[in-house]
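Structure first, then comments.
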Protein chains: 2
Amino acid sequence: MSIAEEADVETLSFGPLENSVGFLLRIAQLTVYERTFAELDRRDVPIGEYTILLAIGLNPGVRQGVLADRLRIKWSNMTKLIRSLEGRGLIERLVSPRDRRAISLRLTAAGETWVEEHKALVLRAVERSVASLDEDEQKTLQSLLRKVAGWPQL
Amino acid sequence: MSIAEEADVETLSFGPLENSVGFLLRIAQLTVYERTFAELDRRDVPIGEYTILLAIGLNPGVRQGVLADRLRIKWSNMTKLIRSLEGRGLIERLVSPRDRRAISLRLTAAGETWVEEHKALVLRAVERSVASLDEDEQKTLQSLLRKVAGWPQL
DNA sequence: TATTGTTATACTCTATAACTATA
DNA sequence: TATAGTTATAGAGTATAACAATA
């Protein structure tokens, strides 16, 4: 390590990456998550688990692998998450009668209560984290993100 | 684990999260990164290291902490990344003469060569990963993402 | 006292391959 | 043979706090 000859730079450029959706997606996502976690206090309301529980509640009987694929979670990792939620009594794992390989998921009463209790907190945090955009901009952004993710438009 | 009474659900809803920028950002980002990595073969061209090297090349003398903040990398983790790049002879760490606490970074000749050699590959992969959007949609999305990230508009 | 960067460590997240059971 | 899920494990990524040097 030697002595620098030039001044530090405070305004940075990222060249071609400034026009890269992939790069900007990553930065924007990290920014929003930092804010969301700051509001939620990560340890009290794990946003990932909340998402899974909410989805199971909205889609009772959903197959585990379908949910994993949609949330971009590997099956091998999904197993651990689901077992943990089951162990805490928040969900039930049920063998599908049509295909006995498949596991279908539903909330227990305790799971429903948990989702309900944390709903307001999560939604408030999620909304605040994008307060820099107005209503129209949020709608536009949501639509473009769905397209990128290969999700159906609403 | 018992027997399920209902059929599996293949079309999922995510309720209020479907209209959440934060949630969609995460899914979209994971989707794009999967595609990008598939093209790059992650082990050959680590996109994170490429970004750091590109930024140092475009902003010679940049201070380590400034770069870390901008890329949402913690200082303690940035140290390891920078030391690794230095150890491979791709960058130099220089003490800033104005503030002897600060480290300013620049590419070595080998570093410049590395960036140049991988430039085309990275940019091609990054572009292909958002091929589902047309030119205008990409511009709009980039602008909105910059706003979310708190970055200046170009 | 505050800032810049480092060290050490623990924890979470993610990826991979081999495996069982069912279709 | 292919699919649904599990297990084990390694590796990457991330967070936290205590610390030294300089401002």
Side-chain angles (χ1 to χ4, degrees), chain A residues 1 3-4 8-10 26-27 29-31 33-34 36-38 40-49 51-52 61-87 91-105, chain B residues 1 3-4 7-10 26-27 29-31 33-34 36-38 40-49 51-52 61-87 91 93-105:
Chain A
M1 192 166 78
I3 302 292
D8 293 339
V9 176
E10 296 294 327
R26 173 150 176 84
I27 301 295
Q29 201 260 324
L30 291 173
T31 304
Y33 262 55
E34 260 176 35
T36 306
F37 284 157
L40 286 181
D41 188 12
R42 182 181 200 164
R43 284 134 297 202
D44 286 328
V45 185
I47 187 76
E49 291 192 344
T51 302
I52 292 173
V62 62
R63 193 162 67 68
Q64 178 173 321
V66 170
L67 187 55
D69 288 346
R70 199 71 185 279
L71 294 175
R72 305 267 158 196
I73 297 171
K74 295 254 180 301
W75 286 16
S76 55
N77 297 325
M78 193 65 165
T79 298
K80 287 184 293 189
L81 289 170
I82 292 299
R83 292 298 179 111
S84 165
L85 294 172
E86 184 194 30
I91 64 172
E92 287 177 317
R93 295 168 55 257
L94 310 158
V95 172
S96 169
R98 303 189 190 176
D99 181 343
R100 301 186 0 87
R101 295 171 302 182
I103 302 295
S104 69
L105 305 172
Chain B
M1 191 165 79
I3 301 292
D8 293 340
V9 176
E10 297 293 328
R26 173 151 175 84
I27 301 295
Q29 202 260 323
L30 291 173
T31 304
Y33 261 57
E34 260 176 34
T36 305
F37 284 158
L40 285 181
D41 188 12
R42 182 180 199 166
R43 283 133 299 204
D44 286 328
V45 186
I47 186 77
E49 291 191 343
T51 302
I52 291 173
V62 63
R63 194 162 65 68
Q64 179 172 322
V66 170
L67 187 54
D69 287 346
R70 199 71 184 277
L71 294 174
R72 306 266 157 196
I73 297 170
K74 295 256 181 299
W75 286 15
S76 55
N77 297 325
M78 192 65 165
T79 297
K80 286 185 293 190
L81 290 170
I82 291 300
R83 292 298 179 110
S84 165
L85 294 172
E86 184 193 30
I91 63 171
R93 295 167 55 256
L94 309 158
V95 172
S96 169
R98 302 190 191 175
D99 181 342
R100 299 183 5 84
R101 294 173 302 184
I103 302 295
S104 70
L105 305 171

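What you see is a predicted model; the values in this text were computed from it and never measured. Just so it is clear: chains get the letters A, B, ... in the order the sequence lines come, proteins before strands, and each one is counted from 1.
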(request) Supply the atom-to-atom distance A:Glu86 CD to A:Thr79 OG1, rounded to the nearest 0.5 angstrom. (result) 11.5 Å
(request) For residues B:Ile27 and A:Arg70, report the shortest heavy-atom separation together with the two atoms involved. (result) CD1-O, 4.0 Å
(request) Please report the shortest heavy-atom distance between A:Thr31 and B:Arg72, naming the atom on each side. (result)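 Heavy-atom minimum between the residues: OG1-NE, 3.3 Å.
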With no angle test and no hydrogens, is the base of [N] tied to the side chain of [X] by a donor-acceptor pair under 3.5 Å?
X	N	value
A:Arg101	D:dT3	yes
B:Asn77	D:dA15	yes
B:Lys80	D:dT14	yes

Expressed in angstrom and rounded to an integer, what is the separation of [X] atom [atom1] from [N] atom [atom2]?
X	N	atom1	atom2	value
B:Leu81	C:dT6	CG	C1'	14 Å
A:Phe37	C:dT12	CZ	C1'	11 Å
A:Lys74	C:dT12	NZ	P	20 Å
A:Ile73	C:dT12	CD1	P	16 Å
A:Met78	C:dT14	CE	C1'	15 Å
B:Arg63	C:dT4	CZ	P	5 Å
B:Asp99	D:dA23	CG	P	5 Å
A:Leu105	D:dG5	CG	C1'	11 Å

Could you list the protein-to-nucleotides 17-19 of chain D atom pairs, N/O on both sides, closer than 3.5 Å?
none

(request) Answer yes or no: is there a side-chain heavy-atom contact under 4.5 Å between B:Leu81 and B:Asn77? (result) no
(message) For D:dA4 and A:Arg93 - does any side-chain N or O of the residue sit under 4.0 Å from the phosphate oxygens OP1/OP2?
(response)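 It does not, given that no N or O in the side chain of A:Arg93 lies less than 4.0 Å from OP1 or OP2 of D:dA4.
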(message) For a quick test of reading the model: is some side-chain N or O of B:Arg72 closer than 4.0 Å to OP1 or OP2 of D:dT14?
(response)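 So the side chain of B:Arg72 is outside the cut-off, no N or O lying under 4.0 Å from OP1 or OP2 of D:dT14.
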(request) Report the residue (B:Thr79 or B:Glu34) whose heavy-atom-nearest nucleotide on DNA chain C is the more 5′ of the two. (result)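 Looking at DNA chain C, the more 5' nearest nucleotide goes with B:Thr79.
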